[in-house]
Amino acid sequence: MTSRAQVRRLLSLVPYLREHDGVAMADVAAAFGINVKTLREDLSVLWMCGMPGLAPGDLIDIDMDAVDGEGVIHLSNADYLTRPLRLSADEALALVLALRTLRGIAGPGKRDAVDRALKKLEAAAGNLPATDQATVAVTAARDDIQARVNDGLQRGKRLDLTYDVASRAETTRRMVDPLRVFVLEGYGYLEAWCYSANALRTFRLDRIAAVEVTSIDVAPHDVQLKDLSTGWWEALKNAPLVTLELEPWAVWVAEYYPTEAASARPGGGLIVTLHVTDPAWLRSLLLRLQGGARVLSPEGAGNSAAEAAQEALEQYAVLLGAAART
Amino acid sequence: LAIRTGKAPALARRGEPAVSDVKLPAGFGVYAVGFTDFRSAAEEITQHAADVVVLEPAELRELVVRGLTAVVESVNAA
């Protein structure tokens with residue numbers, strides 16, 4: 001448990017305990033997803049918090065006899081926390097955008113709670129116009145799929161996932177242990193331990209075709225989740241580099257995908273170098289560009305695209321004969 | 001389009017089952033799939049190589065065949 005996590009929890013505990021006077025320790029622990037021992041430690045810290053001066057009358061008051069005796073919490077002398085929240089325009093906008101982003105992956109059962117929080121926040125923001133100045137668009141899963149993914153994640157249950165793999169353009173079925181759901185660059189993702197790959201994998205939520213929550217508990221996995229604070233770039237930086245020569249009409253590739261380097265080509269077009277984690281992705285891109293990209297390095301990186309294209313041409317010739325020849 | 005079973009899910013899910021007189025190998029299903037224009041259709045279809053076959057219209061099939069040929073030529077020229 002980090003001190004940051006505890007502080008975040010303490011800030012939420014105070015208004016919660018003010019609203020639920022006499023609540024049982026076990027109920028509070030369950031509501032905050034912690035054990036009773038951790039809650040008791042939190043109360044010990046909270047007991048020493050208050051207004052500047054920290055004289056007895058300045059401190060938050062908790063009936064510790066009731067905590068240790070009956071196992072219930074009575075909190076008082078925290079009235080300053082009922083003062084209305086005043087947000088600056090930037091603070092209001094940041095919070096509202098974060099909540100709207102969360103709404104994109106919340107699933108139908110949780111959206112009401114997010115909507116209620118948004119309403120309170122928008123009311124607290126008062127007449128600040130900032131919250132209308134930006135919108136959030138998150139591409140996530142269908143509602144029923146989102147609900148099941150979130151359910152599996154919250155209850156720690158293995159998922160039976162039917163997933164469309166974009167780079168290989170095929171549908172796969174696999175068992176995964178869900179570890180987290182996040183939003184990055186407008187798309188929702190599930191990060192999970194995949195039993196087919198026997199490794200950590202990231203699944204784009206809108207590519208999950210179907211999912212069932214099993215009764216199997218998630219196993220413990222000694223893994224390091226990706227640091228995505230700088231976007232996908234950090235996750236890509238160790239992948240092999242490929243250099244492509246792009247025709248003028250294919251330069252959108254350099255705008256759409258992160259590139260390590262890009263330089264203008266005489267006569268138009270670009271030469272770009274980018275990281276490629278999956279050779280199947282490169283093959284798909286070369287096919288899609290229909291001759292608009294030439295692989296400069298490494299040697300042979302374009303061969304699988306050429307082989308796939310040749311196989312397709314031979315299939316057209318067999319199936320459709322003269323009609324297929326241009 | 002003739003789409004190999006389990007492949008090109010984005011196309012298959014968008015399409016409606018259809019029929020064709022073309023004799024297809026086992027493992028392909030026929031779908032009627034809508035596109036806004038031939039150019040974007042060819043771009044999307046070509047990336048699936050032999051997993052997707054354009055049955056009709058002929059104009060789209062020609063575009064795809066031309067695109068596949070360009071891929072072979074560009075790799076061989078490198």
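Just so we're on the same page: letters track the sequence lines, and every chain starts at 1. These numbers were taken from a predicted model, which means no experiment stands behind them.
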Practice task
Check A:Ala312 against B:Leu68 and note the closest heavy-atom contact, atom names and distance.
Solution key: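 So the minimum-distance heavy-atom pair works out to CB-CD1, 3.7 Å.
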
Practice task
Specify the closest pair of heavy atoms between B:Ala49 and A:Ala308, including all atoms of both residues, with the distance to one decimal.
Solution key: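 Minimum heavy-atom separation between B:Ala49 and A:Ala308: CB-O, 3.6 Å.
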
Practice task
Give the member of A:Thr171, A:Asn303, A:Leu287, A:Leu285 that has the highest number of heavy-atom pairs under 4.5 Å with chain B.
Solution key: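 It is A:Leu287.
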
Problem - Flag if over 12 foreign heavy atoms under 6.0 Å of CZ, A:Arg173 - result: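 Not more than 12 within 6.0 Å, no.
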
Problem - Heavy-atom neighbours of A:Lys157 NZ exceed 12 at 6.0 Å - result: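 Yes, enclosed.
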
Practice task
Could you go through the side-chain contact (heavy atoms from CB on, under 4.5 Å) check for B:Val75 and A:Val295 one step at a time?
Solution key: CA-CA 7 Å; B:Val75 172; A:Val295 178; 5.9 Å; no

Report yes if some heavy atom in the side chain of [X] is under 4.5 Å from a heavy atom in the side chain of [Y]; otherwise report no.
X: B:Arg13; Y: A:Asp164; value: yes
X: A:Arg288; Y: B:Glu44; value: no
X: B:Val53; Y: A:Leu320; value: yes

If we define contacts as heavy-atom pairs under 4.5 Å, which of [options] has the most with chain A?
options: B:Ala8, B:Ala70, B:Gly6, B:Pro9; value: B:Pro9
options: B:Leu55, B:Val64, B:Ile45, B:Val54; value: B:Val54
options: B:Asp51, B:Val72, B:Thr5; value: B:Val72

Problem - Structural part of B:Ala42 lying under 4.5 Å from a heavy atom of chain A - result: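 Looking at B:Ala42, backbone and side chain both touch chain A.
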
Fill in the blank from the handout: The interface call for B:Val52 against chain A, heavy-atom contacts under 4.5 Å, is backbone

Please look at [X] and chain B and tell me whether the side chain, the backbone, both or neither of the residue comes under 4.5 angstrom of a heavy atom of that chain.
X: A:Gln315; answer: side chain
X: A:Ala293; answer: backbone
X: A:Leu286; answer: backbone

Exercise for the section: Determine yes or no for a side-chain-to-main-chain donor-acceptor pair under 3.5 angstrom, with A:Tyr316 supplying the side chain and B:Arg61 the backbone. Expected result: no

Fill in the blank from the handout: Taken to the nearest 0.5 Å, the spacing of A:Gln290 CD from B:Arg66 CZ works out to 10.0 Å

Report, one line per pair, each donor and acceptor closer than 3.5 Å where one atom sits in a side chain of residues 20-27 of chain B; sequence neighbours left out.
from    : atom 1 : to      : atom 2 : distance (Å)
B:Ser20 : OG     : B:Val22 : N      : 3.1

